[in-house]
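Here's the structure, in structure tokens; my notes come after.
Values in this document were obtained by computation on a predicted structure and should not be read as measured data. In what follows, every chain begins at residue 1, and chains take the letters A, B, ... in the order their sequences are listed.
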Amino acid sequence: MTIQRLLDELNPEQYQAATTTAQNTLVLAGAGCGKTKTIVARAAYLISQGVPPEQIQIMTFTRRAASEIVTRVEQYLGIQAQGLHASTFHTFCLSILRRYAKAFDLGQFNVIDRDDQVLMFRLLRGKDKQHELPKAAQLLDLYSYTRNTQTKFSEALAKHLPDMVELKEPIIAVMKAYESQKRERAYLDYDDILEYVAKYLNQSEALVDQVLYRCRYLLVDEMQDTNPLQWSLLKPFIGKAHLFCVGDDAQSIYGFRGADFQNIHAFQQRVPDAQILTLARNYRSTQEILDISNWLLKISPLDYQKELQAYRGKGLAPQLHTLANEFEEANWIAQDLKKRHKKGSAWQDHMILVRSGFAGRQIESALVAADIPYQFIGGVKLLESAHVKDVLSMLRIVANHKDELAWMRFLTLWNGVGDVGASRLASEFLQFDTLEDCLTRLKKFSKVPAIAIAAFQQLLQIQHLVSKSLEVALTALQEQLEHNYRNQDWSRRQRDFELVKQLAERHMNVAAFIEEYVLEPISHSEVEREKDKDVVTLITIHSAKGTERQVCYVANASVGQFPHARSQGDFDEVEEERRVLYVALTRAQNELIITRQNLFTWVKDQLDPLGRVVTGYFLSDLPSGLCHETLHRRGDQRQKVWSFEREDGIEKPKIGIDWD
DNA sequence: ATGTCCGATACGGTA
DNA sequence: TATCGGACAT
Ligand SMILES: Nc1ncnc2c1ncn2[C@@H]1O[C@H](COP(=O)(O)OP(=O)(O)OP(=O)(O)O)[C@@H](O)[C@H]1O
């Protein structure tokens with residue numbers, strides 16, 4: 001395929017965006033209007049105009065989105081596209097930190113993930129026995145939110161944990177302890193990676209000029225989900241690089257991570273001479289699907305100014321199925337999928353959207369039971385699962401024997417070792433200069449078996465062989481892990497180790513291997529899947545941004561889920577929930593099937609402190625004309641139909657007695 | 001008294 | 001699947 005072919009596929013507005021000569025552009029467009037397509041076209045166009053691919057940097061939200069865009073550009077340009085970079089903000093920043101390590105003066109450092117952070121907070125929180133502090137995870141969320149939004153701590157505290165305001169001082173103490181511990185141990189958390197780079201870029205024009213060679217053209221996807229910290233990364237490039245951002249404020253669903261659609265709304269004020277373009281026609285869905293999506297935004301007290309029009313015209317009406325409980329809901333979906341597959345549809349044309357990773361697991365078991373091939377995206381990732389981390393902890397220790405958190409994980413595996421004992425030992429190890437010294441000390445500590453200690457020595461010899469190292473670590477831990485996870489799907493967990501080994505084979509050393517997947521975690525299915533295998537996609541809505549399928553099931557559309565019970569009564573959070581549902585609905589191309597449970601509960605609308613009405617359940621006033629509604633009784637395969645229009649060819653039935 | 005184990009329980013989404 | 005709180009062991 002050629003570039004001309006790609007440009008020919010665009011409509012005039014998309015064409016204008018893709019080929020613009022403006023320095024800075026913001027493309028605003030509703031769901032399915034071709035934002036991603038425009039980014040792909042923009043990158044391809046620039047390259048075809050002679051821009052070296054390595055000067056183009058595309059910012060995406062996930063590794064999947066990144067590789068999809070690159071693949072699509074390559075489809076059109078082939079080898080010519082080589083060197084084009086698409087990555088997440090975090091990966092981009094990390095590579096800058098590595099590239100200019102000297103300038104940042106960070107020396108050796110390790111990137112820690114959320115679990116490590118929570119563990120640190122848990123230990124530090126435990127030291128304060130006087131106060132009833134928030135949970136470790138809450139402390140971390142608050143800490144991270146404050147940094148990502150670049151707000152004052154007291155404001156973030158009042159918003160996040162309003163009833164803990166009087167604990168401000170002890171909370172700050174824990175956070176400061178966390179920060180100094182990070183510094184001592186040379187850990188960088190997710191936010192550090194962004195903030196170091198952002199701060200430095202804003203201070204040093206020389207660094208900006210240095211970095212510029214690889215991002216003379218900055219293309220930002222999903223702009224509505226960037227936060228103020230990320231904006232401060234883009235800001236220094238204004239006037240130097242070409243900014244090309246695309247987004248849709250009605251799809252902003254990462255508020256919990258500090259996403260701020262001011263990054264869209266205030267674009268024009270912040271960026272001199274910014275060109276704002278809009279795309280209006282939706283190419284993805286049929287009109288009936290857009291009607292119900294439009295309706296959802298229209299009943300909002302906010303004015304989203306969105307009314308999607310289908311380029312494709314009319315199609316099938318959405319369906320709404322109400323089932324007795326979560327099992328029947330999951331089974332119904334599985335059965336419906338089977339029916340469609342029998343009729344000749346491919347599995348891969350179907351996607352099931354769920355609210356939470358937890359809800360996804362219920363559906364997963366129904367799919368397994370029905371023998372339907374699937375991939376699950378979202379929720380706990382492969383390298384995040386507990387048993388994998390247990391094994392990796394040994395490799396982490398070998399790579400850096402001062403990795404206290406890895407020691408914690410490793411030590412607490414053994415019987416008779418808990419948080420306190422492990423923590424004492426681990427901080428002792430920080431004083432030692434070599435792993436050998438730690439091991440000598442460890443031998444005096446009777447609770448770790450000699451075989452595990454011996455394994456460390458073996459690992460030291462083969463550090464560069466990642467896959468082999470995994471094998472050694474696994475052998476050493478096998479027995480203990482089997483004991484620890486005896487009632488928890490041990491056989492399934494064992495299979496995961498094979499996947500990890502597969503993944504590891506592609507990497508040169510342990511540190512690089514772990515680091516890559518900390519920043520862009522990869523799910524079981526993504527490792528497992530052979531390319532182009534025909535499977536149903538089961539996915540959390542948050543991971544589903546930018547994807548589409550012919551047939552979409554939106555599961556768990558029950559009371560208490562949309563909006564989620566936790567956000568009830570909070571105006572802004574409920575609006576974000578609305579957008580989550582909106583994103584889900586607008587993934588469907590041809591058919592939209594919404595399922596929910598009949599919970600026999602009702603959630604009342606509330607008034608917030610400003611006197612605004614806050615909806616309790618989005619689908620309570622769904623006009624019957626917008627979809628076919630079906631109520632399934634418990635264990636009932638037949639259906640009671642509420643709203644149903646007469647099918648073609650069926651005449652009004654004759655009634656009465658047969659007098660014959 | 002302190003640390004560990006174990007079972008009950010509840011579960012929002014992300015890099 | 002991670003966390004919490006109480007039972008149990010040291
Ligand atoms: N000009 C066009 N002609 C035909 N099809 C198009 C055109 N533009 C986009 N499409 C198709 O519409 C669908 C949606 O496009 P795309 O994913 O780029 O939209 P999007 O704006 O990124 O959506 P979302 O915001 O929901 O992620 C894709 O299947 C794409 O191929």
inquiry  = At 4.0 Å (heavy atoms only), tell me whether V417(A) reaches a base, stays on the sugar-phosphate, or touches nothing.
reply    = sugar-phosphate
Enumerate donor-acceptor pairs with a distance under 3.5 Å from any side-chain N or O in residues 84-92 of chain A to protein atoms, sequence neighbours excluded.
| residue | atom | partner | partner atom | Å |
| --- | --- | --- | --- | --- |
| S87(A) | OG | Q57(A) | NE2 | 2.9 |
| T88(A) | OG1 | T91(A) | N | 3.2 |
| T88(A) | OG1 | T91(A) | OG1 | 2.9 |
| T88(A) | OG1 | E520(A) | OE2 | 3.4 |
| T91(A) | OG1 | E520(A) | OE2 | 2.9 |

key: Where H507(A) and F513(A) come nearest, the two heavy atoms and their spacing   = CD2-CD1, 3.6 Å
ask   = In whole Å, what is the span from the CG atom of L581(A) to the C1' atom of dG13(B)?
value = 14 Å
message = Nearest to the side chain of F256(A), heavy atoms from C-beta on, is which of dA15(B), dC5(B), dG13(B)?
response = dG13(B)
request  = For R114(A), answer base if it contacts any base atom (sugar-phosphate contacts may also be present), sugar-phosphate if it contacts only those atoms, and nothing otherwise; contact means non-hydrogen atoms under 4.0 Å.
outcome  = base
request  = Using whole Å, report how far CG of L139(A) lies from C1' of dT3(C).
outcome  = 15 Å
message = Among dC5(B), dT1(C), dG12(B), which nucleotide has an atom closest to any side-chain atom of S356(A)?
response = dG12(B)
Whether Y145(A) and H160(A) hold their rings parallel, tilted or perpendicular, with breakpoints at 30° and 60° = tilted
ask   = Within 45 degrees of the axis of the six-membered ring of Y254(A) and under 6.0 Å from its centre: does R257(A) put its NZ or CZ there?
value = yes
inquiry  = Tell me whether the side-chain N/O atoms of R122(A) come closer than 4.0 Å to OP1 or OP2 in dA2(C).
reply    = no
task = Choose from dA2(C), dC11(B), dC4(C) the nucleotide whose nearest atom is closest to any side-chain atom of A386(A).
result = dA2(C)
message = Testing the 3.5 Å rule here: is there a donor-acceptor pair between the side chains of T226(A) and N263(A)?
response = yes
key: Touch class at under 4.0 angstrom, heavy-atom based, for A137(A) against every strand present   = nothing
ask   = Once you round it to whole Å, what is the distance between P of dT14(B) and OH of Y517(A)?
value = 19 Å
inquiry  = My understanding is that only one of Q262(A), R579(A), Q224(A), K306(A) makes a side chain to side chain donor-acceptor pair (under 3.5 Å) with D249(A); could you say which?
reply    = K306(A)
request  = Classify the nucleic acid contact of F89(A) as base, sugar-phosphate or nothing, counting any heavy atom under 4.0 Å across all strands shown.
outcome  = nothing
task = Just call it for T91(A): base, sugar-phosphate, or nothing, with non-hydrogen atoms closer than 4.0 Å on any strand.
result = nothing
message = Measuring to OP1 and OP2 of dA15(B), would you say a side-chain N or O of K381(A) lies under 4.0 angstrom away?
response = yes
query = If you look at every strand shown and take non-hydrogen atoms under 4.0 Å, does V580(A) touch a base, only sugar-phosphate, or nothing?
reply = nothing
query = Roughly how many Å is it from NZ in K135(A) to P in dA2(C), rounded to a whole number?
reply = 16 Å
ask   = Does the side chain of F109(A) reach to within under 4.5 Å of the side chain of L97(A), using non-hydrogen atoms?
value = yes
Toward the 5' end of DNA chain B, by each residue's nearest nucleotide, S567(A) or K447(A) = K447(A)
task = Mind calculating the distance between NE2 (H524(A)) and C1' (dT1(C)) to the nearest angstrom?
result = 12 Å
inquiry  = Angle between ring planes, F410(A) versus W407(A), binned at 30° and 60°: parallel, tilted or perpendicular?
reply    = perpendicular
ask   = Roughly how many Å is it from CZ in R355(A) to C1' in dA10(B), rounded to a whole number?
value = 16 Å
query = If you look at every strand shown and take non-hydrogen atoms under 4.0 Å, does D419(A) touch a base, only sugar-phosphate, or nothing?
reply = sugar-phosphate
inquiry  = So if I take every side-chain heavy atom of D191(A) and compare against dA15(B), dT1(C), dT14(B), which nucleotide ends up nearest?
reply    = dA15(B)
ask   = When you match G421(A) and Q117(A) each to their closest nucleotide on DNA chain B, which lands nearer the 5' end?
value = G421(A)
query = Tell me: CG of N484(A) to C1' of dT4(B), nearest whole Å?
reply = 13 Å
request  = Check whether the aromatic ring of H564(A) stacks on the base of dG12(B), taking stacking as ring centres less than 5.5 Å apart and planes within 30° of each other.
outcome  = yes
query = Does OP1 or OP2 of dT14(B) have a side-chain N or O of T540(A) closer than 4.0 Å?
reply = yes
Positions of residues 225-236 of chain A (non-hydrogen atom under 4.0 Å from DNA chain B), listed by number = none
Any R566(A) side-chain N or O less than 4.0 Å from OP1/OP2 of dG12(B) = yes
remark   = Between CG of L353(A) and P of dG13(B) the distance, given in whole Å, is 14 Å
inquiry  = By the 4.0 Å heavy-atom rule, please label R493(A) as base, sugar-phosphate, or nothing.
reply    = sugar-phosphate
query = From dA15(B), dG13(B), dG12(B), pick the nucleotide closest to the side chain of E573(A)?
reply = dG12(B)
task = Could you pull out the closest heavy-atom pair between T540(A) and G378(A), with the gap in Å?
result = OG1-CA, 4.0 Å
request  = Just call it for G416(A): base, sugar-phosphate, or nothing, with non-hydrogen atoms closer than 4.0 Å on any strand.
outcome  = sugar-phosphate
